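See below for the structure under consideration.
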There are 2 protein chains.
Amino acid sequence: MSSGSDQQDIKREKILDAAYQRFLHYGYSKTTMNEIASDLSLSKALLYYYFPDKSQLYIAVMRKLAGEYIDNLQSRLNKFDNLKEAFVSQINIKHDFIVKNYNFFDFFRVNEQNLPDTIWEIITEIHQTEMVLLSAAIKIEAEKGNIKPVDNPGEIVDLLLDALHGVSVSAVSHKKVMFPQKEHLDEIHSKRLLLLDIFIKGLMY
Amino acid sequence: MSSGSDQQDIKREKILDAAYQRFLHYGYSKTTMNEIASDLSLSKALLYYYFPDKSQLYIAVMRKLAGEYIDNLQSRLNKFDNLKEAFVSQINIKHDFIVKNYNFFDFFRVNEQNLPDTIWEIITEIHQTEMVLLSAAIKIEAEKGNIKPVDNPGEIVDLLLDALHGVSVSAVSHKKVMFPQKEHLDEIHSKRLLLLDIFIKGLMY
DNA sequence: TTTTGATAATTTTGTTTAAATAGTCAGTAA
DNA sequence: TTACTGACTATTTAAACAAAATTATCAAAA
């Protein structure tokens, strides 16, 4: 898979870590390549030896975080006791992910309009993983007869994920945004759990 | 209430109509006060005799539209056969409202970040009307025993409205936005009806 | 192969100017 | 006194440019 040497991979990781810390604390645009380099006592030029440009570096960090998130989700949704528990796990894992990395995502707020395609691919990958895992959960529960039969589990999951996501975009509160404000995250989280509760009941007999 | 003469009110209305047409076809920033004035064969200065400034004129039109929307909603939700029908009405009326006035709202897209407080007040008024009417509907249905007892109808309506609104902000599709794109409105509309269907079932025995 | 200092290229920020548009006002007409 | 206007001023927008900050490259050294 990876074509470089072990040494190279180790250094690459170190750069990713340093970049992550900077991006997390100061955001994308307030982080300079020089700062990342000097955090590691390296020359800036070396960063360009390992990564083609700044945005690719950011994306590489993003990809790593997404991978961890996905692993997390898969191991947790590998088995579950009931449908609600499965969805609750998804909601919680995502909540923690957002809370932990909140400032890292300032890149999203800044570039709101046109995120690079690569970022969208990562978002899509996450979304598809969620779709696959949760659709499977619905299918299993439907087969067990724990909920009503479902024609198209994917459609239901898609709808629910949209609805859950929508809870963070309250139409009324001042200062809109694609991305929720940090202070609201916990409120959003509990609203989601309530929505899930009603939604799941709607799927049951 | 209104302090001007009838004549004044009539002219005011004419200005509002002309402004509405311009804003609807060309959007806020591509409409000049001169254009509105000459549509009516009046001097621009007269517009300032009736309205303090351009944004107040826009807001006055907005207020009028909101008033019509609210009247619409109230007369429709005055009585209903069952809970689902009530919510379907709300969804449909809002859908039509958005479709009809789509371009008028370009002001919202442009000023995305900081809409004037007055606009937020109008949005809030609409939201509160929806809350009151739909909460009442839930209360009535709960008392009739058609759905499970509900502690706090307002909370449920708020949640559902958020979720419905969220359907228009698909997290995955490229090109985010606070405001949905015109081509997606019908797809959003049917997703909402599906979400409503499941949600209502979740409220039933 | 990995690393760097020096340098080039690009982006961002700030400044100036001109044009377009918003907004004011003294005065006229009904 | 109320409704209205032409001529004026003030403000906003946009384009063009320069300076500063930052990204990105590259020839050469370790």
Side-chain angles (χ1 to χ4, degrees), chain A residues 2-19 22-23 25-62 106-107 109-116 118-119, chain B residues 2-19 22-23 25-62 106-107 109-116 118-119:
Chain A
S2 184
S3 56
S5 69
D6 282 1
Q7 280 307 313
Q8 223 175 19
D9 289 346
I10 290 170
K11 178 137 286 180
R12 228 187 102 95
E13 282 300 312
K14 280 189 176 161
I15 294 174
L16 287 176
D17 288 346
R22 279 280 170 186
F23 290 141
H25 291 312
Y26 303 102
Y28 183 78
S29 56
K30 292 284 183 194
T31 295
T32 71
M33 294 297 265
N34 251 322
E35 289 166 341
I36 297 172
S38 58
D39 283 350
L40 295 160
S41 308
L42 297 173
S43 76
K44 177 180 56 172
L46 190 63
L47 299 184
Y48 288 93
Y49 178 76
Y50 284 92
F51 296 93
D53 61 35
K54 187 183 175 185
S55 72
Q56 294 294 315
L57 172 55
Y58 179 87
I59 288 167
V61 177
M62 175 76 200
D106 102 313
F107 182 83
R109 265 157 270 147
V110 174
N111 293 33
E112 212 163 344
Q113 308 301 336
N114 44 314
L115 291 174
T118 335
I119 289 281
Chain B
S2 184
S3 55
S5 68
D6 283 359
Q7 281 306 314
Q8 220 174 22
D9 288 346
I10 289 169
K11 178 137 288 183
R12 225 187 104 95
E13 281 301 311
K14 281 190 177 162
I15 293 174
L16 287 176
D17 288 346
R22 280 279 169 186
F23 290 141
H25 291 313
Y26 303 103
Y28 183 78
S29 55
K30 292 284 182 192
T31 295
T32 71
M33 293 298 266
N34 254 322
E35 289 166 341
I36 297 172
S38 59
D39 283 349
L40 296 160
S41 308
L42 298 173
S43 73
K44 177 179 58 171
L46 191 63
L47 298 184
Y48 287 95
Y49 179 75
Y50 284 92
F51 297 93
D53 60 35
K54 186 183 176 186
S55 71
Q56 293 296 315
L57 173 55
Y58 179 87
I59 288 167
V61 177
M62 175 76 200
D106 102 312
F107 181 84
R109 264 157 270 148
V110 174
N111 293 32
E112 211 162 346
Q113 307 302 335
N114 44 311
L115 291 174
T118 334
I119 289 282

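Order of the sequence lines sets the chain letters (A, B, ...), proteins ahead of strands, with each chain counted from 1. Values in this document were obtained by computation on a predicted structure and should not be read as measured data.
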>> Quick one about A/Asp53 and A/Ser55 (side-chain donor to acceptor, distance below 3.5 Å, no hydrogens or angles considered), yes or no?
In response: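 Result is yes, a qualifying pair exists.
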Without decimals, in angstroms, what is the distance between [X] [atom1] and [N] [atom2]?
X       : N      : atom1 : atom2 : answer
A/Lys30 : D/dT22 : NZ    : C1'   : 13 Å
B/Leu47 : C/dT21 : CG    : C1'   : 13 Å
A/Ile36 : D/dA24 : CD1   : P     : 11 Å
B/Phe51 : C/dT24 : CZ    : P     : 15 Å
B/Gln7  : C/dA30 : CD    : C1'   : 13 Å
B/Met33 : D/dT9  : CE    : P     : 21 Å
A/Lys11 : C/dT3  : NZ    : C1'   : 8 Å
B/Leu46 : C/dA29 : CG    : C1'   : 14 Å

>> What contact category does B/Thr31 fall into here, base, sugar-phosphate, or nothing, at under 4.0 angstrom with non-hydrogen atoms?
In response: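 Touches sugar-phosphate only.
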>> Is there, by distance only and without an angle test, a donor paired with an acceptor across the side chain of B/Lys44 and the base of C/dG23 below 3.5 Å?
In response: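 Such a pair exists between side chain and base.
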Can you find a side chain N or O atom of [X] that sits less than 4.0 Å from OP1 or OP2 on [N]?
X       : N      : result
B/Lys54 : D/dT12 : no
A/Gln8  : C/dT2  : yes
A/Tyr48 : D/dT25 : no
A/Tyr49 : C/dT3  : no

Choosing from [options], which nucleotide comes nearest the side chain of [X]?
X       : options               : value
B/Leu42 : C/dT3, D/dT5, D/dT23  : D/dT5
A/Tyr50 : C/dT2, D/dC4, D/dT23  : C/dT2
B/Asp53 : C/dT3, D/dT5, C/dG23  : C/dG23
A/Asn34 : D/dT5, D/dT23, C/dG23 : D/dT23
B/Ala45 : D/dT5, C/dG5, D/dA24  : D/dT5

> Is the charged tip of B/Lys14 near the ring of B/Tyr50: under 6.0 Å from the six-membered ring centre and within 45° of its axis?
Replying inline: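 No; the conditions do not both hold, so B/Lys14 does not lie above the ring face of B/Tyr50.
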>> Ring centroids only, cut at 6.0 angstrom: are A/Phe23 and A/Tyr58 within range, meaning strictly under it?
In response: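 Close enough - the centres of the two rings lie under 6.0 Å apart.
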> Are side-chain heavy atoms of B/Asp17 and B/Val61 found at a separation under 4.5 Å?
Replying inline: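 No; the side chains remain at least 4.5 Å from each other.
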> Looking only at heavy atoms, what is the nearest atom pair of A/Ile36 and A/Ala18, with distance?
Replying inline: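 Where A/Ile36 meets A/Ala18 most closely, the heavy atoms are CG2-CB, 4.2 Å.
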